[in-house]
Structure formats: structure tokens, C-alpha cells
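Beneath this line is the structure, given in C-alpha cells, with notes to follow.
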Amino acid sequence: MTQKVDNVVIMNQYHYTNPLMEEVQDARSAQTYRNLGTIIVLLLITAFFTYREYVTHKMTLCVLFGIIAVGCLIAIIATLVGTKKGAEKAKRAFRDEFKNKGCQVQVMIEASHIRAYRDGKKYADFRRHELLNAFETDRFFVFQAYGEVLIPLKKDAFEEGSLNDCRSYMPDKKEVH
């Protein structure tokens with residue numbers, strides 16, 4: 001299964017099982033929920049300052065706040081439902097593909113490229129600039145790329161490089177516990 005690539009900066013290899021995959025999916029969902037909380041707070045602050053500025057136009061404010069409230073509520077519900085469905089779909093697909101036995105995962109990171117393999121088959125191949133986010137769980141450092149692809153690196157499974165190398169590879173990571 002071991003793939004050889006020149007100039008590997010980080011190599012991580014481990015057995016990925018259902019409980020580990022569920023930890024990663026649940027952490028991604030929690031991150032999405034926290035991001036919604038931040039958006040709600042920003043909207044409330046914006047509404048407060050808008051109200052202070054246009055307090056004399058009460059009817060306009062009522063209509064504006066009503067539209068914003070309904071729009072936010074729809075967006076929040078859609079995001080919560082979509083995130084939960086996406087996580088459940090990913091968990092089900094993993095269980096169906098690997099029949100509760102899990103798989104061997106190998107992640108290799110070069111200067112500007114990330115490749116990930118499951119049981120020797122490539123499942124992710126991204127350039128560094130295509131990464132959207134990174135976050136951590138108790139056992140994983142996870143890169144998130146386009147198309148909701150998650151590339152988890154197990155914290156105790158580095159063959160080359162380290163957890164700090166991952167953190168510096170994508171400095172905008174967020175911690176999830």
C-alpha cells in the first residue's frame with residue numbers, strides 16, 4: 001500500500017475505523033454549528049446599529065428586520081439540516097464501502113500538494129491553495145478541501161513530519177473539542 005513520492009514533508013499512516021471517522025464527521029458538524037453562532041451574533045450587532053441609526057423610520061425598520069429574521073431562520077434551518085444529512089451520508093457511505101472493517105489510510109503532504117489514499121486507492125489529491133479550512137479533534141488534525149472532502153491525519157501516526165508541521169502548513173486552523 002505504501003506509495004512513494006519525492007519531497008514528502010509529512011506522511012501519516014493509520015487504520016481508519018468507524019468510531020474514528022464518526023469523530024471527524026461530528027467535529028466538522030460542530031464547527032459548522034459554531035460558525036452559525038458567529039453569523040447570528042454579527043447579524044444582531046448589525047441590527048442594533050441599524051436600529052440606532054434609523055430609529056425614526058419605524059415601519060421601514062420593522063419590514064427590514066422581518067425580512068432579515070425570516071431569511072436568517074431559513075438559512076439556519078437549511079444549514080443545520082444539510083450539515084446533519086451530510087454527516088450521516090458520509091458515515092453511511094464509509095460503513096457501506098468498508099463493511100465495518102475500516103481501512104488503511106495514508107496521507108502524504110509535499111510542499112504544495114496533498115495526496116490521500118484508502119487501502120492503496122487515491123481518494124484525495126489537492127493543491128495547498130485548494131484547502132478551505134483545517135480543524136482538530138482529540139485524535140486528529142483534519143484538512144477540509146473543496147467538495148466537503150476531509151483529509152484526517154491521526155495525531156499519533158506521523159511517520160514523517162509532525163502535528164506542528166500540519167499546523168504551519170495551514171495556519172488558519174480552528175480547534176474543535
Requested in this report: Would you mind reporting whether Lys91 and Arg95 have side-chain heavy atoms less than 4.5 Å apart?
Outcome: yes
**Report entry** 4.5 Å side-chain heavy-atom contact, Ile114 and Val107
**Finding:** yes
Query raised in the report: What is the distance from atom CG of Leu150 to atom OH of Tyr123, rounded to the nearest 0.5 Å?
Result: 8.0 Å
Query raised in the report: Is there a side-chain contact between Leu153 and Ile109 (heavy atoms, below 4.5 Å)?
Result: yes
Query raised in the report: Hey, do the aromatic rings of Tyr169 and Phe143 have their centres closer than 6.0 Å?
Result: yes
**Report entry** Sidechain-backbone polar pair: His113 side chain, Met108 backbone, donor-acceptor under 3.5 Å
**Finding:** no
**Report entry** Flag, side chain of Gln106 to backbone of Asn12, donor-acceptor distance under 3.5 Å
**Finding:** no
Query raised in the report: With distance as the sole test, does Lys89 use its side chain to make a donor-acceptor pair with the main-chain N or O of Lys84 at under 3.5 Å?
Result: no
Query raised in the report: Is Arg115 salt-bridged to Glu110, going by a charged N under 4.0 Å from an acidic O?
Result: yes
**Report entry** Under 3.5 Å donor-acceptor, Thr83 side chain and Leu80 backbone
**Finding:** no
Query raised in the report: Hey, are the side chains of Val105 and Cys103 touching, using non-hydrogen atoms and a 4.5 Å cut-off?
Result: yes
Query - Gln25 and Glu88, any side-chain heavy atoms less than 4.5 Å apart - result: no
**Report entry** Test item: Gln104 and Tyr117 side chains (from C-beta on) under 4.5 Å apart, heavy atoms
**Finding:** no
Requested in this report: Return the orientation label for the Tyr16 and Tyr14 ring planes: parallel under 30°, perpendicular over 60°, tilted otherwise.
Outcome: perpendicular
Query raised in the report: Do Glu23 and Arg139 come within less than 4.5 Å of each other through their side chains, counting heavy atoms only?
Result: yes
Query raised in the report: What closest approach, in Å, do Leu131 and Ala145 show between heavy atoms, and which atom pair accounts for it?
Result: CD2-CB, 4.1 Å
Report summary line: Test salt bridge (charged side-chain N to carboxylate O under 4.0 Å, His left out), reference Asp125, set Lys122, Lys121, Arg127, output is Lys122
Query - Arg92 side chain near Asp96 side chain, heavy-atom distance below 4.5 Å - result: yes
Query - Note: Asp156-Lys154 ion pair, threshold 4.0 Å (strictly below) - result: yes
Query - Over all atoms of both residues, closest heavy-atom pair of His15 and Lys101 - result: NE2-O, 2.9 Å
